[in-house]
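One structure is given below, encoded as C-alpha cells.
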Amino acid sequence: MVTSFVLKVASRCNLNCSYCYMYNLGDKTYLKQPKFMSVNTITVFAEKLRTYCKENNLNYLQIVFHGGEPLLLSKDFYKQSIQIFTDIVKDVHFDFVIQTNGVGLNNEWYQLFNDLNIRVGISMDGPQKYHDEYRVFHNGKGSYHEVREAIQLGIDNGLHGVLSVVNLKISPHELYDEIKGLNVNSFNILLPDGHFDKLPDGLEKDKINTYQYTLYADWLIELFNIWKQDSNRPNIRFFKTLIQLIAGEDEGDQMLGRRLNGVAVLETNGNLEVADSIRACYEGITRNNINIHTNDIDDIFNDTLFQIYINSHDMVCEKCLNCPVYDVCGGGFLGNRYSNDNGFDNPTIYCHDIIKLVTFLQNDLIDSLPVESCAEMGLEKVSYTEIVQELEMSGEVAINGSVKNKLKAYSLV
C-alpha cells in the first residue's frame, strides 16, 4: 500500500535551480495549478486518509511537505495542517517531514517544526562555488549563504539531514569536506534526473551504458572510500541502503532494491499522482483525472502509470532480468529508464554505473570478512567486467507481453 504521501503544498519556488525537474526539464503544467494548497484540500485529504487507513488496516503514514518551496506558506498553515491530520486520522502514527531549500529557514521556523514534530531536510549542492552555479534565485544570485546559515541553525535545532544531487564537477573530497565542515550528521545523495533523450549535463549519449563510461560509479566509489576511512563519518543513506541490500536485507527505495514504491504525490489542486520527478520525461506525463475532492485514495491504483511506478522494480526490461545485481539495483529509478522510442522499456541510464558500484561494494564487504567465514558462507568476489560481458552475450529472456506493452505505452513515438 501507499504509506508515504508527498504534499506539493506550493507549486512555485523562490529559487530557480537549473536542473530542477519541476520547472526546468520541460513540464510547464504547474502553471495551471493553484500556487498554494488550501487548508480545505488538507481537510478533504485527511478525511479520505481516515477511510483509506481503516479499510487497509494501516497504522503508519508519512506526510512530506514539499514544493516548489514549502516555506512560501505561512506558519499558521502548518499549525492547522498538523492539527487537521491528528484530529481526523486517529490511531495512526504520523511521520511528518518537510523538505526545503533552506532559504528563510530561521529560529522561529525551527521552533515551530520542533513543536509540531516535523523533521526538517535541507537541499544543498556542495561548496559555494558549485551551489551558487545551480541553486540560484530568480535574479541569478546564488543562495549558498542563506542555505549554509539554515543548516548551521539546524544542527542544534533538530535538522534531520542534508540532501545533495551528485555533481561530477565537484570532487568527492570537496563535497565531503563541505559536509564535515557543517557538522551534518545525516547526509544523502541523489543521482541527477534525466533519461536517454534528456541526459544530465556532461553525459554523452553514444557512450551511455558502455563498459568504460562509468563517470558516476567512479565518483561514488571515491566518495565511499573517503567516507569509509572517516571514523566519525556521517550517515549517508545511499551507501547504507546499498550495503544492506548486498547483505541480503529487505531494504530499498524508488531507485534501489525490489520493494514496492509506496509513495504518491498530492498536488496543490488536490490531484493524486505518481512521483513528480517522473515529469522530467515529458510534459504532462504524470497528469490524470484522480482528485481527492472527487475520488478516493484507492482510485490511484487504477492509474496505469502509477501501477508501473509502484511496481517499477518488478516491471523491468530483459537486460535487467538477466543481470546478477538486479536484486540490489531493482532496475534503477523509473524516470531514468525513459526514452522517446521505448518508453520505460530500457535499463536505467546509470546501468553500468550501478553494476560497477555494487560489485565494488560487495567485494569491499567480502574483504572485510575473515577468509574462513567467506568460505563457510560460499561468498565469492564478483567482477564488473564479467557481468558486463555476460549481459552482452546473453540472449533475451521471456517477459510478459502485457508488461512490455505497458512499459512502452508512454513512448512519444
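Values below: all heavy atoms of this structure, side chains included; hydrogens, waters and symmetry mates excluded.
Checked by atom type and distance alone, the side chain of Asn56 never pairs as donor or acceptor with a backbone atom of Leu58 at under 3.5 Å. The closest donor-acceptor contact from the side chain of Lys356 to the backbone of Tyr384 lies at 3.5 Å or more, if one exists at all. A donor-acceptor distance shorter than 3.5 angstrom exists from the side chain of His313 to the backbone of Gly330, with no hydrogens or angles considered. Put simply, the side chain of Lys48 gets close to the backbone of Ile292: a donor and an acceptor are under 3.5 Å apart. No side-chain donor-acceptor contact under 3.5 Å links Thr214 to the backbone of Ala217. In this structure, Asn16 contributes its side chain and Val136 its backbone to no donor-acceptor pair below 3.5 Å. The main-chain N or O of Val120 is never found under 3.5 Å from a side-chain atom of Tyr110 such that the two would form a donor-acceptor pair. A donor-acceptor pair under 3.5 Å is formed between the side chain of Asp299 and the backbone N or O of Asp296. With hydrogens and angles ignored, the 3.5 Å screen pairs a side-chain donor or acceptor of His131 with a backbone N or O of Asp125. Listed for the Arg148 side chain is no donor-acceptor partner under 3.5 Å among the backbone atoms of His145.
Counting only N and O atoms by type, the side chains of Glu146 and Ser143 include no donor and acceptor under 3.5 Å apart. Of the N and O atoms on the side chains of Asn340 and Tyr338, at least one donor lies less than 3.5 Å from an acceptor on the other residue. For the residue pair Asp303 / Gln307, no side-chain donor-acceptor distance below 3.5 Å is found, with atom types taken as modelled. Judged by distance alone, the side chains of Tyr130 and Glu174 do bring a donor and an acceptor atom under 3.5 Å apart. Side chain to side chain, Glu267 and Ser11 fail the donor-acceptor criterion of an N or O pair below 3.5 Å. Checking Glu273 against Thr286 by side-chain atom types alone, a donor-acceptor pair falls below 3.5 Å. Inspection of the Asn261 and Gln254 side chains reveals no N or O donor paired with an N or O acceptor under 3.5 Å.
Ring pair Phe36/Phe77: centre-to-centre distance not below 6.0 Å. Taking the six-membered ring for Trp and the full ring otherwise, Phe301 and Phe306 have centroids separated by under 6.0 Å. Aromatic rings of Tyr350 and Phe333 (six-membered ring for Trp) have centroids beyond the 6.0 Å cut-off, not under it. Outside the 6.0 Å centre-distance limit, the rings of Tyr176 and Trp227 are not counted as a close aromatic pair.
Residue Lys381 is tested with Asp367, Asn363, Thr359 for a side chain to side chain donor-acceptor pair (under 3.5 Å); the sole match is Asp367. Checking each of Asn40, Thr41, Ile42 against Val44 for a side chain to side chain contact (heavy atoms under 4.5 Å, CB included) leaves exactly one that passes, namely Asn40. Applying the ring pair (Phe, Tyr, Trp, His ring centres under 6.0 Å) test between Phe5 and each of Phe65, Phe45, Phe94 identifies Phe45 as the sole match.
Applying the 6.0 Å contact sphere to CD of Glu47 captures more than 12 heavy atoms from other residues, nucleotides or ligands. For Lys75, the NZ atom counts as densely surrounded, since its 6.0 Å shell holds more than 12 non-hydrogen atoms of other residues, nucleotides or ligands.
In this structure, Glu133 pairs ionically with Lys169, as a charged nitrogen and a carboxylate oxygen lie closer than 4.0 Å. Between Arg259 and Asp253 there is no salt bridge, since no side-chain nitrogen of the basic residue lies less than 4.0 Å from a carboxylate oxygen of the acidic one. By the 4.0 Å N-to-carboxylate-O rule, Glu55 lies too far from Arg50 to be salt-bridged with it.
Atoms CG and CD, from Asn183 and Gln152 in turn, are 8.5 Å apart once rounded to the nearest 0.5 Å.
Shortest non-hydrogen contact noted between Ile349 and Gly194 is CD1-O, 3.7 Å. Closest heavy-atom contact between Tyr326 and Cys320: CB-O, 3.3 Å. In terms of heavy-atom proximity, His160 sits nearest to Ser186 at O-CB, 3.2 Å.
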Practice item. Under the salt bridge (Lys or Arg N to Asp or Glu O under 4.0 Å) rule, what do Asp364 and Lys228 come out as? Steps first, then yes or no, please. Key: CA-CA 11 Å; Asp364 185 79; Lys228 177 186 174 182; 2.8 Å; yes

Practice item. Would you check, one step at a time, whether the test salt bridge (Lys or Arg N to Asp or Glu O under 4.0 Å) holds for Arg337 with Asp345? Key: CA-CA 7 Å; Arg337 305 179 204 168; Asp345 191 22; over 6 Å; no

